[in-house]
Peer 1: 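Quick one: the structure is below, questions incoming.
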Amino acid sequence: MGSDESKTDGMDFIRQIVADDLASGKHDTVVTRFPPEPNGYLHIGHAKSIVLNFGIAQEIPGGRCHLRFDDSNPETEDMEYVEAIQRDVRWLGFDWGRHLYFASDYFEKLYGFAISLIEIGKAYVCSLSEEEIRSHRGTVTQPGTDSPYRDRTVEENLDLFRRMRGGEFTDGEHVLRARIDMAASNMKMRDPLLYRIRHAPHYRTGDAWCIYPMYDFVHCLSDALEGISHSICTLEFENNRELYDWIIDNVPAPSKPRQYEFARLNLNYTVMSKRKLVELVEGGHVSGWDDPRLPTIAGLRRRGCTPESIRKFCDRIGVAKANSVVDVALLEHSIRDDLNTKAPRVMAVLDPLKVVIVNYPEGQVEELDAPYFPDDPPRMGTRRVPFSRELFIERGDFMEDPPKKFFRLGPGREVRLRWAYFITCVDVKKDERGNIVEVHCRYDPQTRGGDAPDGRRVKGTIHWVSAAHALTAEVRLYDRLFDDPTPDGGKEADFIRHLNPHSLDTADARVEPSLRDALPGDRFQFERTGYFIADAMDHTASRPVFNRIVPLRDSWAKIAGKK
RNA sequence: UGGGGCGUCGACAAAUGGUAAGUCACGGGACUUUGGAUCCCGCAUCUGUAGGUUCGAAUCCUACCGCCCCAGCCA
């Protein structure tokens, strides 16, 4: 580490606050938490928060990060989600150790805090209907009006609240509210609801409760109970901070955590809101929560992204307070950047075109050596690739009437077959409709391995497989789910109509036989094409299935696209 | 026309009054048995706008403009 680097170099504003608090002695260490509600799957926006919270805890001696399920709404939460969330956080590479918590475990303590608030006259049972409460709240420009139940006596409130817990009332009959100020300019402070009656079984507490605390009451006190030092959340909770502090200050809380807010992650060409993700899954527009086109952690994992690349991506985007939209190209870059050093190279032809080497002996087969890591051959050694008279090359690597800058195969042109021979196209066979069905070439036996003893060079090198030896594999070519950078542009626009019809194209590819040994989850670079992973669910030795994680940068496509 | 936030390169994002980092994208070049990777070079005389303070302002002051959040018994 450069000693001339300033201490705060590379620190985001939250890390600076933490550093300041440590320096001033306000805290001895840091305790953060990641507090998902178990009512949906995690997405890459959550990854930003996870990387931030767990990351800070890792950086500070003695620091820790809790995983806490914020489960105070019995109607939407489920064990399925808590398991999925734990799996995702672990996969991302983080460990909460023994610090796994559930807000539902605090229900009894929370109830006690509510009682204490009632006892000092700072909370009351309100018996207005839902609609009445809404109308009494006023608007952003007009103050609200006091509830007629606002001045109930402490005894009456205590009695009513206990009976609420006891199940004497129906849903919506009463609520517990904080007694703050119905004219507050901050809407969140207009006597916010603390508890509501819900005769619904909770996935963890069963039917032990029929009253459930609201987010604002649960969150700050859960933080306080766990001794959280820095409670980091997203921008939309800025207005809630005043209430967060008010509750902590008016209850015998064991500690006083501070809340800090940062901007949530937005990515172009996708949607991130839970509601829209649910719509995609339930509407059958994708195959499930782990569809490789989704920005969910499960989807990214199935797609083949490495956890390292996602962590790196989160580091690169930074943490700040300005609403922003990150270019998905940065995510793709992070993925390539990571896989470039990890994925062994192999050859696969996605859109096969037959090539006959007319001067190659019929029936002859050669085993050619090809390194898995051409830039670092010793790393993984080589595999044998069979070469024979009939091959497949990529249809896009041949043009009957190629432009000047096209460095691949064309009539009379010579190219190198990767790790094999130089070949020159001598003939083109077409069907009755004029489609090219076969290309005839001559090979130069002197160029075995890909080098010409006479020193002559070729401009292009293309990949290939031996027709008789290649394996057929299903290749799933994933692309952006939406063809519009802001599919939910504006507000509640119909994002479904911006679905990219080519977000999943399937191809029957021919892949080199060494891939027979690929195991589900193995990643490769199919040379000149992209990074692929043997699908975790569907890949088998007899029926190989590869997902495209991300294509390679393609400068020819760029040149061709300009014309 | 209440309150809370935020505006720095096409996209993120540093700079903490001392003369606009870095990354992605983009353009150009070198190298290359992947048109990949790698390596060079270029890319904000300027920080939403207009004034002011100061020797000096993205940073301080004033006014204005724009965008986001808050009126769930969701979180």
Side-chain angles (χ1 to χ4, degrees), chain A residues 8-12 16 35-37 39 70-73 75-76 126 128-130 133-135 137-144 171-172 174-177 183-190 193-198 212 214-216 218-219 233-242 261 263 265 268 274 315-334 336-337 340-341 345 347 370-371 374-375 405-408 416-420 422 447 449-451 457-463 485 525-530 551-560:
Chain A
T8 58
D9 210 37
M11 268 195 199
D12 54 70
Q16 298 215 21
E37 183 189 9
N39 71 344
D70 208 340
D71 56 355
S72 56
N73 183 352
E75 293 171 322
T76 58
C126 179
L128 251 21
S129 70
E130 195 168 341
I133 286 177
R134 207 196 325 281
S135 62
R137 190 142 39 211
T139 70
V140 290
T141 53
Q142 294 165 292
D171 288 6
H174 305 287
V175 291
L176 183 73
R177 302 178 71 174
S185 48
N186 179 352
M187 298 291 288
K188 298 287 185 199
M189 298 298 278
R190 320 245 262 224
L193 276 62
L194 267 21
Y195 271 85
R196 77 282 211 186
I197 299 171
R198 263 313 90 96
Y212 292 91
M214 304 283 291
Y215 166 82
D216 287 298
V218 177
H219 204 89
C233 63
T234 45
L235 252 28
E236 66 271 28
F237 292 101
E238 279 179 317
N239 296 318
N240 299 60
R241 190 176 60 233
E242 190 179 355
E261 312 86 12
L265 170 65
N268 57 17
K274 199 172 282 182
D315 288 341
R316 285 196 244 248
I317 59 176
V319 178
K321 295 199 70 160
N323 285 313
S324 59
V325 181
V326 174
D327 193 337
V328 72
L330 186 54
L331 207 213
E332 294 168 347
H333 163 79
S334 299
R336 287 190 195 101
D337 192 43
N340 179 41
T341 64
R345 267 102 241 230
M347 293 194 285
D375 293 333
K405 310 250 281 201
F406 187 80
F407 301 147
R408 307 174 187 180
R416 171 166 42 232
L417 292 178
R418 183 77 154 159
W419 310 123
F422 284 13
T447 58
D451 280 308
R457 325 272 294 191
V458 286
K459 280 296 262 180
T461 299
I462 63 175
H463 59 279
Q525 184 196 100
F526 288 176
E527 287 203 68
R528 303 208 308 133
T529 303
L552 242 33
R553 294 182 66 208
D554 185 352
S555 51
W556 164 246
K558 198 170 286 178
I559 294 167

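Below, read A as the first sequence line, B as the second, and so on, with proteins coming before strands; counting in each chain starts at 1.
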Peer 1: I want to check something: taking the side chain as every heavy atom from C-beta on, are A/R418 and A/R345 in contact at a cut-off of under 4.5 Å?
Peer 2: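 Not in contact.
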
Peer 1: Kindly say whether, by distance alone, the side chain of A/N239 makes a donor-acceptor pair under 3.5 Å with the base of B/G3?
Peer 2: yes

Peer 1: So A/T139, base contact, sugar-phosphate only, or nothing? Heavy-atom distance under 4.0 Å.
Peer 2: base

Peer 1: Return the 5'-most residue of the pair A/E238, A/V319 with respect to RNA chain B, ranking by each residue's nearest nucleotide.
Peer 2: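 Comparing both residues, the 5'-ward one is A/E238.
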
Peer 1: Counting Watson-Crick and G-U wobble pairs only, both distances under 3.5 Å, name the nucleotide matched with B/U34, or none.
Peer 2: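 Result: none.
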
Peer 1: Using the C1' atoms only, state how far B/A13 lies from B/G72, rounded to an integer number of Å.
Peer 2: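 That atom pair is separated by 35 Å.
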
Peer 1: Base, sugar-phosphate, or nothing: which does A/L331 touch, judged by heavy atoms less than 4.0 Å apart?
Peer 2: nothing

Peer 1: Which part of the nucleic acid does A/Q525 contact within heavy-atom distance under 4.0 Å: base, sugar-phosphate only, or nothing?
Peer 2: base

Peer 1: Write down the partner of B/U16 under the Watson-Crick or G-U wobble criteria, each distance required to be under 3.5 Å.
Peer 2: none

Peer 1: Looking across every strand, which nucleic acid part, if any, lies under 4.0 Å from A/R457 by heavy atom: base, sugar-phosphate, or nothing?
Peer 2: sugar-phosphate

Peer 1: Checking contacts here: which listed nucleotide (B/A75, B/G35, B/C12) is nearest the side-chain heavy atoms of A/R196?
Peer 2: B/A75

Peer 1: Would you indicate what A/F526 reaches in the nucleic acid, counting non-hydrogen atoms under 4.0 angstrom: base, sugar-phosphate, or nothing?
Peer 2: nothing

Peer 1: Choose from B/A71, B/A75, B/A11 the nucleotide whose nearest atom is closest to any side-chain atom of A/V140.
Peer 2: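 That would be B/A71.
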
Peer 1: Could you please name the option among B/A75, B/G4, B/G36 that lies closest to any side-chain atom of A/N340?
Peer 2: B/G36

Peer 1: Which nucleotide wins on minimum distance to the side chain of A/S555, given the candidates B/A11, B/G35, B/U34?
Peer 2: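 That would be B/G35.
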
Peer 1: Partner lookup for B/G66, please. Criteria are Watson-Crick or G-U wobble with both distances under 3.5 angstrom; report none if nothing qualifies.
Peer 2: B/C6

Peer 1: Between B/A75, B/G5, B/U34, spot the one nearest the side chain of A/N73, thanks.
Peer 2: B/A75

Peer 1: If we ignore hydrogens and angles and just use 3.5 Å, is the side chain of A/T76 paired with the main-chain N or O of A/N39 as donor and acceptor?
Peer 2: no

Peer 1: If every non-hydrogen atom of A/A184 is compared with every non-hydrogen atom of A/M189, which pair is closest and at what distance?
Peer 2: CB-CB, 3.6 Å

Peer 1: Let me spell it out: for each of A/G450 and A/T141, pick the nucleotide of RNA chain B with the closest heavy atom. Which residue's pick is nearer the 5' end?
Peer 2: A/T141

Peer 1: Can you tell me whether the base of B/G72 sits syn or anti, using the 90° cut around 0 to define syn?
Peer 2: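 For B/G72, whose glycosidic angle is within 90° of 0, the conformation is syn.
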
Peer 1: Return the pairing partner of B/A71 with a 3.5 Å limit on both distances, Watson-Crick or G-U wobble; otherwise return none.
Peer 2: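 For B/A71, the partner nucleotide comes out as none, under the 3.5 Å rule.
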
Peer 1: What interatomic distance, in whole Å, is found between C1' of B/A57 and the corresponding atom of B/U8?
Peer 2: 14 Å

Peer 1: Which atom names give the shortest non-hydrogen contact between A/A263 and A/A322, and what distance separates them?
Peer 2: CB-O, 3.3 Å

Peer 1: Do the side chain of A/R316 and the base of B/U23 come within less than 3.5 angstrom through a donor-acceptor pair of N or O atoms?
Peer 2: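 Check fails, no donor-acceptor contact within cut-off.
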
Peer 1: Within the 4.0 Å heavy-atom criterion, would you say A/L193 contacts the bases, only the backbone, or no part of the nucleic acid?
Peer 2: base

Peer 1: So A/K405 and A/W556, do their side chains get closer than 4.5 Å, heavy atoms only?
Peer 2: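 Answer yes - side chains close enough.
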
Peer 1: Using a 4.0 Å heavy-atom cut-off, does A/S129 contact any base of the nucleic acid, only the sugar-phosphate backbone, or nothing at all?
Peer 2: base

Peer 1: Measure from the side-chain heavy atoms of A/K558 and tell me the nearest of B/G5, B/G3, B/C26.
Peer 2: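 Closest nucleotide among those given: B/C26.
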
Peer 1: Once hydrogens and angles are ignored, does a donor-acceptor distance under 3.5 Å link the base of B/G35 to the side chain of A/R408?
Peer 2: yes

Peer 1: Counting only side-chain heavy atoms from C-beta out, which of B/U34, B/A13, B/G72 sits nearest to A/M214?
Peer 2: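 Closest of the options to the side chain of A/M214: B/G72.
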
Peer 1: Return the nearest nucleotide to the side chain of A/K321; candidates are B/U34, B/C24, B/G5.
Peer 2: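 Nearest listed nucleotide: B/G5.
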
Peer 1: With the side chain counted from C-beta on, respond yes when A/D70 and A/H219 share a heavy-atom pair under 4.5 Å apart, and no when they do not.
Peer 2: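 They are in contact (side-chain heavy atoms under 4.5 Å apart), so the answer is yes.
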
Peer 1: Could you identify the nucleotide paired to B/G56, looking across every strand shown and requiring Watson-Crick or G-U wobble geometry with both distances under 3.5 Å?
Peer 2: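 Per the H-bond distance test, none.
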
Peer 1: Touch check for A/R137, heavy atoms < 4.0 angstrom, all strands: base, sugar-phosphate only, or nothing?
Peer 2: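 Result for A/R137 = sugar-phosphate.
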
Peer 1: When you measure from the side chain of A/F407, which nucleotide among B/A37, B/G35, B/A75 comes out closest?
Peer 2: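 Selected nucleotide (nearest to the side chain): B/G35.
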
Peer 1: Classify the side chain of A/R198 versus the base of B/C73 as yes if they form a donor-acceptor pair under 3.5 Å and no if they do not.
Peer 2: yes

Peer 1: Does any donor-acceptor pair link the side chain of A/N240 with the base of B/G4 at a separation under 3.5 Å?
Peer 2: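 Flag unset: no donor-acceptor pair detected.
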
Peer 1: A/D451 near the nucleic acid: base, sugar-phosphate alone, or nothing, with a heavy-atom cut-off under 4.0 Å?
Peer 2: base

Peer 1: Looking at the side chain of A/L330, which of B/U34, B/C73, B/U23 is the nearest nucleotide?
Peer 2: B/U23

Peer 1: Reckon A/V458 touches a base, only the sugar-phosphate, or nothing at all at heavy-atom distances under 4.0 Å?
Peer 2: nothing

